[in-house]
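Below you'll find the structure, written out as structure tokens, and then a few comments.
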Amino acid sequence: MKKLLFTVFTALSFIGCSNQDDDNTQNNPVATQYFHPPTWIQGKWQKDGTALYKFTNDDFYTISGSIETSYKSILQQGASLGVSSSVPETISETVYEFTIKSGSTNAEYKFKKINSTKIEWVNYPYASTVGAFYLIKQ
């Protein structure tokens, strides 16, 4: 009887198994390159010791204290959960404009090159109140 129970238990444990791996069980983020910042904007940018932004060849970060927020990572995490994400961009020798679209949320950014160490955040939300928002390369 013990041999019969062992055989039944062993057989049942293999019923749900197959020799194929299920690709959906991997939690790898979607490998889409969302950002393509031009070389002139790559690096860290700061305003008056407060706002800090970083552009790499494939990402956009906001930095607050020691916390760096990677928007590429945020979009990849959303994509791995099925959230539709994209970053339409306009790139030139003097303008880098992009809209981060994730689900029903959009965030628009437009940066204009003033010179090699200074850029303007053209569509800064409070520009009409505080004036132009310039960032200096760090």
Side-chain angles (χ1 to χ4, degrees):
M1 181 68 159
K2 288 182 183 178
K3 287 183 181 181
L4 178 63
L5 287 175
F6 178 76
T7 305
V8 170
F9 176 74
T10 305
L12 288 175
S13 67
F14 287 105
I15 287 176
C17 297
S18 73
N19 62 354
Q20 295 179 354
D21 290 333
D22 184 358
D23 291 339
N24 293 330
T25 61
Q26 296 181 10
N27 292 325
N28 294 333
V30 177
T32 300
Q33 183 172 347
Y34 294 100
F35 297 93
H36 305 86
T39 55
W40 60 263
I41 202 168
Q42 292 178 22
K44 288 184 179 180
W45 299 86
Q46 189 168 25
K47 176 178 176 61
D48 302 329
T50 57
L52 188 59
Y53 302 92
K54 181 170 84 172
F55 296 88
T56 64
N57 66 328
D58 67 349
D59 205 350
F60 170 63
Y61 296 81
T62 56
I63 303 171
S64 180
S66 62
I67 300 171
E68 289 191 5
T69 302
S70 161
Y71 282 86
K72 172 185 166 183
S73 292
I74 291 170
L75 294 171
Q76 287 176 332
Q77 289 172 358
S80 71
L81 298 172
V83 176
S84 173
S85 301
S86 65
V87 182
E89 302 172 288
T90 301
I91 301 169
S92 75
E93 294 296 318
T94 57
V95 173
Y96 180 47
E97 182 175 4
F98 57 95
T99 303
I100 301 171
K101 297 181 176 186
S102 184
S104 61
T105 305
N106 292 342
E108 297 180 22
Y109 294 88
K110 182 175 183 179
F111 296 94
K112 179 181 174 187
K113 179 180 178 180
I114 304 302
N115 58 44
S116 63
T117 60
K118 186 177 185 179
I119 59 175
E120 179 184 2
W121 182 359
V122 176
N123 62 341
Y124 175 65
Y126 305 106
S128 61
T129 306
V130 297
F133 194 93
Y134 294 106
L135 298 157
I136 305 301
K137 194 162 195 174
Q138 300 300 297

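These figures come from a predicted structure and were not determined experimentally. This chain uses plain numbering: 1 for the first residue, then up along the sequence.
Between the side chain of Ser64 and the main chain of Ile67, no donor-acceptor pair closer than 3.5 Å is present. A donor-acceptor pair under 3.5 Å links the side-chain atoms of Gln33 to the main chain of Phe35, judged by distance alone. Under a 3.5 Å cut-off, the side chain of Gln42 and the backbone N or O of Trp40 do not form any donor-acceptor pair. A donor-acceptor pair is defined here as one N or O able to donate and one able to accept, closer than 3.5 Å; no such pair exists between the side chain of Thr32 and the backbone of Tyr34. Judged purely by atom type and a 3.5 angstrom limit, Thr56 uses its side chain to pair as donor or acceptor with the backbone of Asp59.
Residue pairs meeting the salt bridge (Lys or Arg N to Asp or Glu O under 4.0 Å) criterion with at least one member in residues 122-138: none, sequence neighbours excluded. For residues 42-57, the pairs satisfying salt bridge (Lys or Arg N to Asp or Glu O under 4.0 Å) are Lys54-Glu68, with sequence neighbours left out. Residue pairs meeting the salt bridge (Lys or Arg N to Asp or Glu O under 4.0 Å) criterion with at least one member in residues 105-120: none, sequence neighbours excluded.
Summarising the geometry of Ser70 relative to Tyr61, their closest heavy-atom pair is CB-CE2, 3.5 Å, with the distance given to 0.1 Å. Across every non-hydrogen atom of Ser102 and Leu75, the tightest pair is CB-CD2, 3.8 Å. Smallest separation of non-hydrogen atoms from Pro37 and Ile41: CB-CG2, 3.8 Å.
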| task | For the pair Tyr71 and Thr62, evaluate side-chain contact (heavy atoms from CB on, under 4.5 Å) and give the outcome as yes or no after the intermediate values. | result | CA-CA 8 Å; Tyr71 282 86; Thr62 56; 3.7 Å; yes
| task | May I have the step-by-step check of side-chain contact (heavy atoms from CB on, under 4.5 Å) for Ile119 and Tyr96, ending in yes or no? | result | CA-CA 10 Å; Ile119 59 175; Tyr96 180 47; over 6 Å; no
| Is there a side-chain hydrogen bond (donor to acceptor under 3.5 Å, both in side chains) between Asn106 and Thr99 once you walk through the steps? | CA-CA 6 Å; Asn106 292 342; Thr99 303; over 6 Å; no
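Membership of the apolar cluster around Ile114 extends to Tyr134, as traced through chained side-chain contacts below 4.5 Å between ILVMFWY residues.
Residues satisfying the salt bridge (Lys or Arg N to Asp or Glu O under 4.0 Å) criterion with Lys72, sequence neighbours excluded, are Asp58. Residues that satisfy the ring pair (Phe, Tyr, Trp, His ring centres under 6.0 Å) test with Tyr109, not counting sequence neighbours, are Phe60, Phe98, Trp121.
Ile74 and Leu81 sit in two unconnected hydrophobic clusters of ILVMFWY residues. Membership requires side-chain heavy atoms under 4.5 Å apart, directly or through other members. Taken together through direct or relayed side-chain contacts under 4.5 Å among Ile, Leu, Val, Met, Phe, Trp and Tyr, Val130 and Leu52 form parts of separate hydrophobic clusters. Both Trp45 and Ile91 are part of a single hydrophobic cluster, where members link through side-chain heavy atoms under 4.5 Å apart.
At least one side-chain heavy atom of Phe111 sits under 4.5 Å from a side-chain heavy atom of Leu135.
Atom CG in Asn123 sits 7.0 Å away from atom CD in Glu97 (nearest 0.5 Å). Taking OH of Tyr126 as the reference point, atom CZ of Phe133 lies at 11.0 Å (rounded to 0.5 Å).
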